Amino acid sequence: MSISRHLVDPEIGPLLELPSLDLTAEALPEIRANPMFTGAEVPPPPFPVSEAYAPVSGGPDVRLVVMNPPSQAQGRATILHIHGGGMVVGTADRAVADKPALALEHDCVVVSVDYRLAPETPFPGPQEDNYAALLWLADNAASLGVDPKRIVVMGESAGGGLAASLALMTRDRGGPKLAGQVLIYPMLDWRTGGPDDRYSNRHTGEFIWTREKNRFGWEALRGDYQPADTHKGWFSPALAEDLSGLAPAYIGTGALDLFLDEDLDYARRLIDCGVQTELHVYPGAIHAFEMVPGTGLAGQAAMDLRRGLERLFR
């Protein structure tokens, strides 16, 4: 019997009717082939989209999907986008569904990273792919017509966690300085849903992304890695001991999302370390709530994100 169904905003009820996917190693090929994750059924974008490839230290070049709308402006802002999918599914092509509209709205360039997936590529492979994409973006800023000082990294779910990882990596390595990090219900703490889970919230994680799926995603990413060294925050940002000196953050999450507590804790720690942080918690919202178009929640989240990006792009 559901203990949180009555708390879900009625407008996003269609999400509850989606078939539950059993996330297992055996099921991964079929899940990855689902158009929901491949972007195969995404409508054509309003302007041409191109591809590029960024060299990765110790690995194959990472593919980038570049959404660069026609513009006369120079020194535009850029969003480096990292897709979600629990660390194990998804492609950059899915971003073509909604990110071109974002690019037009803000007259910016969006570059989405087709990072390698776990378990075939465990930590730090996906993180290194995203870092390579950031270096490529900074190096090619002039040809893209963008300002390398106005790069915002953005991701949803696992992509939000990887965006937070990238913010830590570029700070620690002295790489390109980010103008901001936009973390949409980010997947930050590898302990959530496992034996070392720090939270016991009875009303989170019942729908869409559950504790069982979370354990699978994190274990796939972890591989043989033991998160106890100085790079543990790159693996799971919640483990980072020092959050000072990071880019300003925008965090949005649902009140019923599995990641609620870890997102709140991360926001609190960012603020405590002197990082400018904007936090939104949406009542009645479960994981991926904004995927139901035309709802009050989706409209509110879009308006908040628009204003948040405007602040980060200044």
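Keep in mind it's a predicted model, so treat the numbers as computed, not measured.
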For Leu188, is there any backbone N or O sitting under 3.5 Å from a side-chain donor or acceptor partner on Ser236? yes
Please check this pair: side chain of Arg5 against backbone of Leu16, looking for a donor-acceptor N/O pair closer than 3.5 Å. no
Main-chain N/O of Asn140 paired with Ser143 side-chain donor or acceptor, under 3.5 Å: yes
Where do Ser71 and Asp107 land on the side chain to side chain donor-acceptor pair (under 3.5 Å) test, with the steps shown first? CA-CA 7 Å; Ser71 176; Asp107 192 16; 3.0 Å; yes
For Phe123 and Tyr225, take the angle between the two ring planes, folded into 0 to 90°, and tell me which bin it lands in: parallel under 30, tilted 30 to 60, perpendicular over 60. tilted
Does a donor on one side chain sit under 3.5 Å from an acceptor on the other, for Asp22 and Thr24? no
Ring-plane angle category for Tyr115 and His83, please: parallel below 30°, perpendicular beyond 60°, tilted otherwise. parallel
Test item: Pro237 and Leu168 side chains (from C-beta on) under 4.5 Å apart, heavy atoms: yes
Distance from Leu137 atom CG to Leu64 atom CG, nearest 0.5 Å? 8.5 Å
Check the hydrophobic clustering (I, L, V, M, F, W, Y; side-chain heavy atoms under 4.5 Å; chains of links allowed) and say if Phe207 and Ile184 are grouped together. yes
Ile82 and Leu102: same hydrophobic cluster, using ILVMFWY side-chain contacts below 4.5 Å? no
Decide, yes or no, whether a salt bridge links Arg191 with Asp196 under the criterion of side-chain N to carboxylate O below 4.0 Å. no
Could you give the distance from OG1 (Thr91) to CG (Leu117), rounded to the nearest 0.5 Å? 9.0 Å
For Tyr282 and Asp304, does a side-chain donor sit closer than 3.5 Å to a side-chain acceptor? yes
Is any side-chain heavy atom of Glu212 less than 4.5 Å from a side-chain heavy atom of Leu23? no
Co-membership, hydrophobic cluster, residues Val292 and Val42, 4.5 Å side-chain: yes
If only side-chain N and O atoms count, and only distance matters, is there a donor-acceptor pair under 3.5 Å linking Arg215 with Thr210? no
Are any of the side-chain heavy atoms of Trp234 and His231 separated by less than 4.5 Å? yes
Are the side chains of Asp242 and Arg171 in touch, meaning some heavy atoms are under 4.5 Å apart? yes
Would a single hydrophobic cluster contain both Leu144 and Val153, if residues Ile, Leu, Val, Met, Phe, Trp and Tyr are joined by side-chain heavy-atom contacts under 4.5 Å? yes
SB check Arg198 Asp189 (cutoff 4.0 Å): yes
Is any side-chain heavy atom of Thr121 closer than 4.5 Å to a side-chain heavy atom of Pro126? yes
Side chain to side chain donor-acceptor pair (under 3.5 Å) between Arg211 and Thr204, worked out: CA-CA 9 Å; Arg211 285 166 173 78; Thr204 60; 3.3 Å; yes
Between Cys108 and Ala77, which heavy-atom pair has the shortest distance, and what is it? CB-O, 3.1 Å
The complete set of side chain to side chain donor-acceptor pair (under 3.5 Å) pairs with one or both residues in residues 31-43, sequence neighbours excluded, reads Arg32-Glu120
How many angstroms lie between atom OG of Ser165 and atom CG of Asn130, to the nearest 0.5 angstrom? 8.5 Å
Could you tell me whether the side chains of Asn214 and Thr192 share a donor-acceptor contact shorter than 3.5 Å? no
Between Lys213 and Glu219, does any side-chain N to carboxylate O distance fall below 4.0 Å? no
Flag if over 12 foreign heavy atoms under 6.0 Å of CZ, Arg307: no
Membership question, hydrophobic clusters at under 4.5 Å side-chain separation (ILVMFWY): are Met187 and Leu258 in the same one? yes
Between Ser112 and His81, a side-chain donor and acceptor under 3.5 Å: yes
Taking only residues at least two apart or on different chains, which pairs with a member in residues 158-195 satisfy ring-ring contact (aromatic ring centres under 6.0 Å, His included)? Tyr185-His287, Trp190-Phe235
Any side-chain heavy-atom pair of Asp257 and Ile286 under 4.5 Å: no
For Leu305, is there any backbone N or O sitting under 3.5 Å from a side-chain donor or acceptor partner on Tyr250? yes
Between CG on residue Leu162 and CE on residue Met154, distance to nearest 0.5 Å: 14.5 Å
Lys/Arg-Asp/Glu bridge criterion (N-O < 4.0 Å) met for Arg116, Glu128: no
Is any side-chain N of the basic residue among Asp265 and Arg268 closer than 4.0 Å to the acidic one's carboxylate O? yes
Hey, is the main chain of Met36 close enough, under 3.5 Å, to the side chain of Arg94 for a donor-acceptor pair? yes
Output for pair (Asp9 CG, Leu15 CG), nearest 0.5 Å, gives 10.5 Å
Quick check on Gln276: does its CD atom have over 12 non-hydrogen neighbours (other residues, nucleotides or ligands) under 6.0 Å away? no
Quick one: does Ser244's side chain have a donor or acceptor within less than 3.5 Å of a partner on Cys273's backbone? no
Find out whether Asn201 and Leu260 are in side-chain contact, i.e. whether some heavy atom of one side chain is under 4.5 Å from a heavy atom of the other. yes
